[in-house]
Asker: 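Sharing a structure with you now.
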Amino acid sequence: MSRSGLAEPRSLPPGQRLTPVLRTVQYGRVPRIALATWSLRIGGDTLDGEALSLSWADLASLPRTVVRADHHCVSRNTTLDLLWSGVAARTIVEMAPPADDVAHVLVSAARGYSTNIRLEDLSSSRAVFATHLDGEPLSPEHGWPLRLVLPHLYGWKGPKWVVTIDYQRYVERGFWEQRGYHLTGDVWREERYSYQE
Ligand SMILES: Nc1nc2c(c(=O)[nH]1)N[C@H]1C(S)=C(S)[C@@H](COP(=O)(O)O)O[C@H]1N2
Ligand SMILES: [Mo]
């Protein structure tokens, strides 16, 4: 039944509460990155066995997309309506496709952070390697030059300062997945901890 005249309250994922600003959350310090030497490497179990490296100029030549999404940190803070723009993760996956039996991907960042993502989550239509937030280039704290955004997964599944994508036939847990967090991390299924797997 619709309640005319009243705005429909927006549904929050289970166990989350609203926070008005996107708080910076990371393990360790913000890395310094030079675009001239930066690259995004897609390797591991690729279809042709070769790794692909994209320079910043290569990345800039790819088609761009915009995704409006809410951010959900597993610490229970949710921030609504962030506008991410960059390159669809699908575009990158299609440029360097995985071998047929690959189901997982380890995405790693400068300074050692990593996270495991199911290939089907990385290939979902709203997954984006973002260069911009709300129309501005990412700030260093929010992941400049490139961060992954997966709106239906908890925030830890979106590395800031992404540098490598490794397709994996076998599951390798990333930074938080080794420390008790869930392998898949779906926000709407409330997949927070590894004991739920
Ligand atoms: N490289 C890296 N990326 C990271 C993290 C991190 O510690 N290192 N923390 C994650 C977590 S837990 C969240 S909630 C978001 C926070 O993004 P923000 O700092 O832009 O708000 O970044 C994610 N990406
Ligand atoms: Mo988080």
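As the structure lists them, so they are numbered: ligands from 1, and atoms in each ligand from 1.
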Asker: Using heavy atoms and a 4.0 Å limit, tell me yes or no: is G143 in contact with ligand 1?
Answerer: no
Asker: Regarding atom 8 (N) of ligand 1: of the candidates F175, W176, Y113, which has the closest heavy atom?
Answerer: Y113
Asker: Could you verify whether a donor N or O on one side chain and an acceptor N or O on the other, from S55 and D58, lie under 3.5 Å apart?
Answerer: yes
Asker: Main chain of S123, side chain of R90: is a donor-acceptor contact present, judged purely on distance under 3.5 Å?
Answerer: yes
Asker: Among H142, E141, R29, K157, which one puts a heavy atom closest to atom 20 (O) of ligand 1?
Answerer: H142
Asker: Test salt bridge (charged side-chain N to carboxylate O under 4.0 Å, His left out) on R118 and E191; report intermediate values, then the result.
Answerer: CA-CA 14 Å; R118 292 187 309 173; E191 294 171 338; over 6 Å; no
Asker: Could you state whether F175 and V163 fall into the same hydrophobic cluster, counting links through intermediate Ile, Leu, Val, Met, Phe, Trp or Tyr residues with side-chain heavy atoms under 4.5 angstrom apart?
Answerer: no
Asker: Enter the distance from I117:CD1 to L148:CG here, rounded to the nearest 0.5 Å.
Answerer: 5.0 Å
Asker: Numbering the atoms of ligand 1 from 1, which are under 4.0 Å from a heavy atom of W156?
Answerer: 10 (C), 11 (C), 12 (S)
Asker: Tell me the protein heavy atom at minimum distance from atom 21 (O) of ligand 1, and give that distance in Å.
Answerer: R23 O, 2.4 Å
Asker: Give the residue and atom name of whichever protein heavy atom lies nearest to atom 24 (N) of ligand 1, and the separation in Å to one decimal.
Answerer: G158 O, 2.9 Å
Asker: Nearest protein heavy atom to atom 7 (O) of ligand 1, by residue and atom, and its distance?
Answerer: Y27 N, 2.7 Å
Asker: Under 6.0 Å from the six-membered ring centre of Y113 and within 45° of its axis: does the NZ or CZ of R111 meet both?
Answerer: no
Asker: Donor-acceptor pair, distance only, cut-off 3.5 Å: does the side chain of N116 make one with the backbone of L106?
Answerer: no
Asker: Only heavy atoms of L22, strictly under 4.0 Å: list the atoms of ligand 1 that pass.
Answerer: 20 (O), 21 (O)
Asker: Does N77 reach the main-chain N or O of T19 with its side chain, forming a donor-acceptor pair under 3.5 Å?
Answerer: no
Asker: Numbering the atoms of ligand 1 from 1, which are under 4.0 Å from a heavy atom of P159?
Answerer: 3 (N), 24 (N)
Asker: Quick check for you: to the nearest 0.5 Å, what is the distance between R192 atom CZ and W156 atom CH2?
Answerer: 9.0 Å
Asker: Show which atoms of ligand 1 fall inside a sub-4.0 Å distance from at least one heavy-atom site of A109.
Answerer: 1 (N)
Asker: Among all protein non-hydrogen atoms, which one is nearest to atom 9 (N) of ligand 1, and what is the separation to 0.1 Å?
Answerer: V25 O, 3.2 Å
Asker: Considering heavy atoms of the protein only, find what lies nearest to atom 3 (N) of ligand 1 and give residue, atom and distance to 0.1 Å.
Answerer: K160 N, 2.9 Å
Asker: Using a 4.0 Å heavy-atom threshold (strictly under), name the region of W161 that reaches ligand 1: side chain, backbone, both or neither.
Answerer: side chain
Asker: Which protein non-hydrogen atom lies closest to atom 17 (O) of ligand 1, naming both residue and atom, and how far is it?
Answerer: R147 NH2, 3.0 Å
